[in-house]
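Below is one structure, written out as C-alpha cells; the observations come after it.
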Amino acid sequence: MPALARSALRYSARHEAAASDSFADHVIAGLGDSPKWLSAKYFYDAAGSDLFEQITRLPEYYPTRTELKILRENARAMAAAIPLAAALVEFGAGSSRKSRILIEAAPQIAAYVPVDISAEFLAQEAAAVRRDVPGIAVLPVVADFTRDFELPPQVRARPRVGFFPGSTIGNFEPEDAAEFLRQAGRILGAGATMIVGVDRIKDEAVLNAAYDDAAGVTARFNLNILARMNRELGGDFDLAAFRHHAFYNVAGHRIEMHLESLKHQTVTVAGRTFEFRAGETIHTENSYKYSVESLGALARGVGWLPAGVWTDADKYFSIQAFTLNDLIVRA
Ligand code: AVJ
C-alpha cells in the first residue's frame with residue numbers, strides 16, 4: 001500500500017508548523033532543531049514505498065497481514081454497519097486492496113470515493129476498481145486528506161462511510177489524530193459512519209521486533225530518508241555513519257524510530273551544514289499504539305460513538321467502527 005503510506009502525514013503539528021511544504025525547507029527546519037527530527041511522510045519516495053511494501057511482507061511485521069485477516073473474517077459483520085446505497089470514502093486510498101474487501105462484502109455500497117494526494121496512483125486504482133466492480137460509481141478526489149476537502153456532489157445525498165485503515169492514524173500525535181477525526185466528521189457530515197484500523201498496545205518484544213526486523217528491511221527503510229536527501233537535496237550523508245534505532249516507548253504508547261549518528265560528523269544538505277554529535281539522533285517517526293478503549297475515548301471526544309470492534313485472536317490489531325453523534329457536531 002505505498003500510496004496510503006506515502007500520504008502518511010505530518011506526525012506532529014508542531015513540527016509541521018515549523019516547516020513549509022517543500023522538502024528542503026522541512027529538512028532545514030528539522031535538522032536545525034534540537035533534538036533533530038524529520039516527518040515520516042518523507043519516507044515514501046519510490047524507493048521508500050518499495051521498501052515499505054517489503055516491510056508488509058516481513059515475518060515480524062504483523063500489522064498488514066493481521067488487518068487483512070480481520071477484514072476478511074469479519075467483512076459480513078462490518079457490511080451490516082454500512083447503510084443502503086452508501087458512499088465509501090477512503091482516506092489515503094493506497095492500493096484499494098482493503099476497500100475492495102468491504103466493497104465485495106457490502107454490495108449496498110453504491111459509490112467509492114478514494115481520497116489521495118497522488119493523482120497518478122489514484123487514477124490507476126480508480127480505473128482498476130471500475131473495471132473489476134461493475135455498477136459502482138468510482139469518484140476519486142485528489143486531496144491531502146489531513147486538510148479540508150469537499151466530497152463530490154454526487155455523494156452528498158448518500159449515507160457516507162469513512163474508511164481509514166493501515167494504522168496510518170498512529171503516525172499522528174494523539175491530539176492531531178483527534179483533530180483528524182473531528183475534521184473527518186465535518187467532511188462526512190450528519191449520520192456518517194467511520195471505520196478505522198489501528199495497531200494495538202501489546203507485548204514490547206513483539207513491537208520491537210516488528211520495527212527492527214532480522215533482515216534489516218526496516219533499517220534500510222529508515223536510512224532511505226538519508227539517501228533521499230542525498231538524491232534530491234544534494235546531501236552528502238554517509239549512510240554507513242548512521243544506524244537505525246527503533247524502540248517501543250512504553251509510557252508514550254508509541255514506537256519511535258531514530259537515525260543515530262555513529263560519530264561526530266558534519267553533513268551538508270539543502271545548502272546548509274549540520275553538525276552531529278556521536279550518538280545524536282534524528283527522530284524520524286512515531287507510530288502510536290492504541291487500546292480499544294484509548295482510541296474509543298479519543299474518538300468520543302470529537303463526536304464519534306463506538307459502533308463495532310473487530311480484532312484478531314492475538315489482540316494485535318483492531319478495526320473499529322464509529323457513528324457520528326450529530327448533537328455534538330452541530331453544537
Ligand atoms: C504506515 C505508519 C502504519 O507505523 O507501522 C512501518 C510505517 N514504519 N515500519 C507503521 C512503518 C516502520 C507504518 N505505518
Side-chain angles (χ1 to χ4, degrees), residues 1-12 15 37-45 47-68 70-71 90-98 116-118 121 145-146 163-174 176-177 180 196-204 206-226 228 243-249 252-260 281-290 295 312 316-320:
M1 48 174 188
L4 166 107
R6 200 179 303 136
S7 42
L9 327 154
R10 49 189 159 165
Y11 67 90
S12 157
H15 292 171
W37 53 267
L38 291 170
S39 165
K41 75 175 175 182
Y42 292 106
F43 281 139
Y44 303 96
D45 64 350
S49 297
D50 185 65
L51 285 164
F52 181 70
E53 200 59 45
Q54 292 181 43
I55 287 174
T56 65
R57 291 190 292 263
L58 290 169
E60 298 95 332
Y61 193 77
Y62 60 83
T64 309
R65 77 176 62 91
T66 306
E67 184 177 41
L68 283 166
I70 296 168
L71 272 171
E90 183 170 7
F91 292 86
S95 70
S96 73
R97 184 171 173 202
K98 293 166 188 168
D116 201 280
I117 194 93
S118 165
F121 197 80
F145 67 81
T146 63
F163 187 39
F164 194 35
S167 206
T168 305
I169 198 165
N171 263 165
F172 293 112
E173 291 301 303
D176 294 340
F180 165 78
V196 182
V198 70
D199 199 15
R200 295 179 67 164
I201 294 166
K202 64 182 63 63
D203 181 45
E204 230 182 305
V206 174
L207 284 163
N208 284 327
Y211 292 84
D212 193 10
D213 61 282
V217 180
T218 308
R220 292 213 297 281
F221 173 74
N222 197 5
L223 286 159
N224 175 60
I225 192 77
L226 303 181
R228 182 177 183 183
R243 88 173 174 104
H244 167 66
H245 182 44
F247 61 94
Y248 186 58
N249 176 331
H253 307 292
R254 64 179 189 240
I255 284 282
E256 292 186 18
M257 295 217 311
H258 296 258
L259 288 165
E260 182 186 336
T281 77
I282 309 172
H283 186 181
T284 51
E285 183 170 42
N286 280 331
S287 181
Y288 281 87
K289 309 305 171 190
Y290 288 89
L295 187 73
D312 55 296
Y316 279 3
F317 201 94
S318 73
I319 298 179
Q320 304 192 46

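Counting starts at 1 for both ligands and their atoms, in listed order.
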So is there a nitrogen or oxygen of [X] less than 3.5 Å from a nitrogen or oxygen in ligand 1?
{"X": "S287", "value": "yes"}
{"X": "Y211", "value": "yes"}
{"X": "Y61", "value": "yes"}

**Asked** Is there a heavy atom of P63 sitting under 4.0 angstrom from any atom of ligand 1?
**Response** no
**Nearest atoms (heavy-atom pairs only) where A40 meets Y44** = O-CE1, 3.5 Å
**Fill in**
CZ of F43 to CG of N222, rounded to nearest 0.5 Å, is 4.5 Å
**Request:** Examine F317 together with Y62 and report whether their ring centres are nearer than 6.0 Å.
**Result:** no
List every atom of ligand 1 that sits less than 4.0 Å from any heavy atom of [X], numbering the atoms from 1 in the order shown and giving each element.
{"X": "N171", "answer": "2 (C)"}
{"X": "G166", "answer": "3 (C)"}
{"X": "F221", "answer": "8 (N), 12 (C)"}

**Prompt:** So, Y211 versus E60: side-chain donor-acceptor pair below 3.5 Å or not?
**Reply:** no
**Single hit among N249, I255, L295, V198 for side-chain contact (heavy atoms from CB on, under 4.5 Å) with K289** = I255
**Prompt:** Please walk me through it: do N208 and F247 pass side-chain contact (heavy atoms from CB on, under 4.5 Å)?
**Reply:** CA-CA 6 Å; N208 284 327; F247 61 94; 4.2 Å; yes
**Item:** Within reach of ligand 1, part of Y44 (heavy-atom separation under 4.0 Å)
**Value:** side chain
